[in-house]
Amino acid sequence: MAAGVAAWLPFARAAAIGWMPVANLPMPVAPSNKNKRQDELIILNVSGRRFQTWRNTLDRYPDTLLGSSEKEFFFNEETREYFFDRDPDVFRSILNFYRTGKLHYPRYECISAYDEELAFFGIIPEIISDCCYEEYKDRKRENTERLMDDLEDNKDSKLPNMTFRETMWRAFENPHTSTMALVFYYVTGFFIALSVITNVVETVPCGYMPNQRDVPCGERYTEAFFCMDTACVMIFTVEYLMRLFAAPSRYRFMRSVMSIIDVVAILPYYIGLVMTNNEDVSGAFVTLRVFRVFRIFKFSRHSQGLRILGYTLKSCASELGFLLFSLTMAIIIFATVMFYAEKGSSSSKFTSIPASFWYTIVTMTTLGYGDMVPKTIAGKIFGSICSLSGVLVIALPVPVIVSNFSRIYHQNQRADKRKAQKVQKARLARMRISKSGSSTAFLHSKRNGLNQSLELTQLPYYKMKLSPQGSLEEDQQLKKTTSLLESQHHHLLHCLEKTTNHEFVDERLYEQGYLQTALQNFPSQSPSLSSEEGITGTCCSRRPKKNIQPLNATHTHSHTHNLQELSALHIQCGEQQPLNTSRSSLNLMSDESGSLNCKSSGLVTTAIISIPTPPSNNSRASPDAPSPPNPEAPPLLNPSSTDVVKISAL
Amino acid sequence: MSSCRKRCKREILKFAQYLFRVITGTLNPDSIEDELELSAVRHRPEALEQLEAQTRFSRKELQILYRGFKNECPSGVVNEDTFKEIYAQFFPQGDASTYAHFLFNAFDTDHNGSVSFEDFVMGLSILLRGSVQEKLNWAFNLYDINKDGYITKEEMLDIIKSIYDMMGKCTYPILKEETPRQHVEIFFQKMDKNRDGVVTIDEFIDCCQNDENIMRSMQLFENVI
């Protein structure tokens, strides 16, 4: 419940009087305000700066340090104030949280100092309000990244026990780790350059052969070039195999772009070796040699800038795609126009629309080769429009790509945004949980029997321990007081339940009940000592049943006409039947969300059995008898107050 | 005639401005959204002594009430939306807005669309410190939506439906369509003595005073403040 509205709880409770004449059932007893004291000012001394506030303000959030009894540890008897040896500046925001219900993050504060203060005072950072939350998250992320970067830099120091394989991989990835790695790095770089240069020089015409024809060097010094090619390819192959060996995940390595480039670079050579000098395949063979130029891409391992460029292009794919698409549209439009404009003129080069594509592209990119020129006036006009628009269309996406490049260069924003989205979802989920906390708290307390309120017809109830096992913690749980505010809120919800004669359940149970078409009526005739059935009834009938101690027995429930109050705890007995109450095999784990019912999985720990009977007959179940207690209460015929057997395990 | 010319001139001027803007490419000025002040009304309640005299609260209680009130509504009045929002916080599982609407009308005794602190405190005084007669009166006033002195079946159905709405969807047993209607029937059977289809204030008070449960539950919230 938000802070401010805690002050309105009295109003909501008062307004509940409006339900009273409509209700058919008696209302539960209100929680008493036992230690009702006048609201007092308390003094919080934080490192000398005194803050004062009402005690009720702090009580709004009972699960924080200041709202719970934990602050008593800091109470200073002589000065009658609470002393905290913490930062007073940050404390201001924290106290404001209690006052206004909103937690703000002051921008001048260091993020880790703020986090520490929040942790000390027991406040989770997720409730920082939206106005400051983005800032907080950004600063936090920066901080963690910086810490991680520092960690990584320190990681490069050699770890004592790295396997040979790991050393090799590190050497490949980071050439500065050792001299060998550096040597290897430069050698491969040299050979890449060599290979590329040989490819280029191969085609230069050099020298004259006796048959008076310029031959490219490649054909003249075939063996030399072949040797050099072989050497390069051998080095590349060895390097590739070594990387493959050292890679921590070979499959992932083989899928990576760099390894594909490597493979493509060396494959033509091997294919060329395999293939003979056939006439048919020589054409294909020549094509394959083109792929040798891909060796130049191997340089990207050596250059960070190349990698960033590649990554930019990849991430700007949408902009590039848009550029291409708009260019294509413009080309088609102008080509068509030019074709029809130039159709009339004789000896026009614009023979077809695809033929005009060439003109349009050359004009739009402002190349202007001049091999195709329009001759008609209309053609010239449209041609000029074409070139003007070409400038515009090309100039528009380019700044986007540029800004992308710089953005990626400075910060990896895309990945962070995705991370932030996940965090946002997690944050919303947490906030939803805490908001629904009030309703689940209500159901929770019902389960725990802390809602021990009885109907306004005052009835005694007795707490009985049926087995000592595990009862200690449950006992403590019972003693754990919900704050007065919570108990009042729960009382309000309880009144609403009574007014409408329906109960709050949570999602899971609702769906279970929904699936059942008819509520089953299980009058159990005799208590069996077997533990086959747990509570039979709508809620439990689908639960897995387990074997339990012989203490347990089935218990009955049958529902009367209207009043079907079946929480795990309330079992109604039929009017005509004798009260066959028996202990159920209840063993409620208190923090099982959603299972309001009994799970017959273990021992019965404690149970409160209260058998409200009309005031005339006050029998109660004997707790210790292993047989189902069969009180002497006659069946009740009064429709308005029914026999409600409350069994709750603690 | 001159007005016509003036208007013409204004139009031409506007058009010229528009052309100018188009050509030179100035951006459209951001549409100034006049943030409507939620309520420029600032309401100060009557003095503490007067309220003390008019209600049955002590000075200290009034102080506490006002602090809570002012915290949530700094402007001094609650309008219906804030009211609904506040009330909905207490019933997270269901939809409390309809019932809050009826409550709002019950608190807003002078029907000016907002609940001031005086209205608030008067209502609370009746509910918490009033006699049973007054409380029943207040309840009748709540149920009588159109304030004509009679509770008809339709009004009661609306009220009961709004109460059931607050339960939300996840209830046990499942809320059926006819449940509110049945509830209304039960209510009318109990209250409508002369079977004329409406419940008057006397029938209502009479009947409630004879019902033990109701009388007991009226005392439930005695010590809320």
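Quick note on labels: first sequence line is chain A, next is B, and so on, each numbered from 1.
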### Task
Specify which of A:Pro21, A:Ala14, A:Cys495, A:Ala15 makes the most heavy-atom pairs with chain B at under 4.5 Å.
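Option with the greatest count: A:Pro21.
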
What distance do [X] atom [atom1] and [Y] atom [atom2] have between them, rounded to the nearest 0.5 Å?
| X | Y | atom1 | atom2 | result |
| --- | --- | --- | --- | --- |
| A:Leu9 | B:Gln89 | CG | CD | 11.5 Å |
| B:Leu124 | A:Arg13 | CG | CZ | 12.0 Å |
| A:Thr500 | B:His183 | OG1 | NE2 | 8.0 Å |
| A:Glu497 | B:Tyr172 | CD | OH | 13.0 Å |
| A:Ile17 | B:Ile214 | CD1 | CD1 | 12.5 Å |
| B:Tyr164 | A:Thr499 | OH | OG1 | 9.0 Å |

For chain A, which of [options] has the most heavy-atom pairs under 4.5 Å?
| options | value |
| --- | --- |
| B:Gln63, B:Glu212, B:Met166 | B:Met166 |
| B:Met156, B:Met191, B:Met218, B:Arg67 | B:Arg67 |
| B:Phe204, B:Phe187, B:Phe91 | B:Phe91 |

Which atoms of [X] are under 4.5 Å from chain A, going by heavy atoms: the side chain, the backbone, both sets, or neither?
| X | value |
| --- | --- |
| B:Tyr99 | side chain |
| B:Ile163 | both |
| B:Met215 | neither |
| B:Phe107 | side chain |
| B:Phe83 | side chain |
| B:Val78 | side chain |
| B:Ile160 | side chain |

### Task
Evaluate whether atom NZ of B:Lys190 has more than 12 neighbouring non-hydrogen atoms of other residues, nucleotides or ligands under 6.0 angstrom away.
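Count over threshold, so yes.
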
### Query
Near B:Tyr150 OH, under 6.0 Å, is it more than 12 heavy atoms from other residues, nucleotides or ligands?
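No, OH of B:Tyr150 has 12 or fewer neighbouring heavy atoms, counting only those of other groups under 6.0 Å.
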
### Heavy-atom closest pair, residues A:Pro26 and B:Asn213
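The pair with the smallest heavy-atom distance is CB-OD1, 3.6 Å.
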
### B:Phe120 and A:Phe11 aromatic ring geometry - parallel, tilted or perpendicular at 30°/60° bounds
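Aromatic pair A:Phe11/B:Phe120 classed tilted.
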
### Query
Could you go step by step and tell me if B:Thr179 and A:His502 meet the side-chain contact (heavy atoms from CB on, under 4.5 Å) rule?
CA-CA 10 Å; B:Thr179 318; A:His502 287 65; 3.4 Å; yes

### Query
Heavy-atom distance under 4.5 Å between the side chains of A:Glu503 and B:Met167, does that happen here?
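Contact flag for A:Glu503/B:Met167 side chains = no.
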
### Query
A:Val22 versus B:Tyr143: any side-chain heavy-atom pair under 4.5 Å?
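Yes. Closest side-chain heavy atoms under 4.5 Å.
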
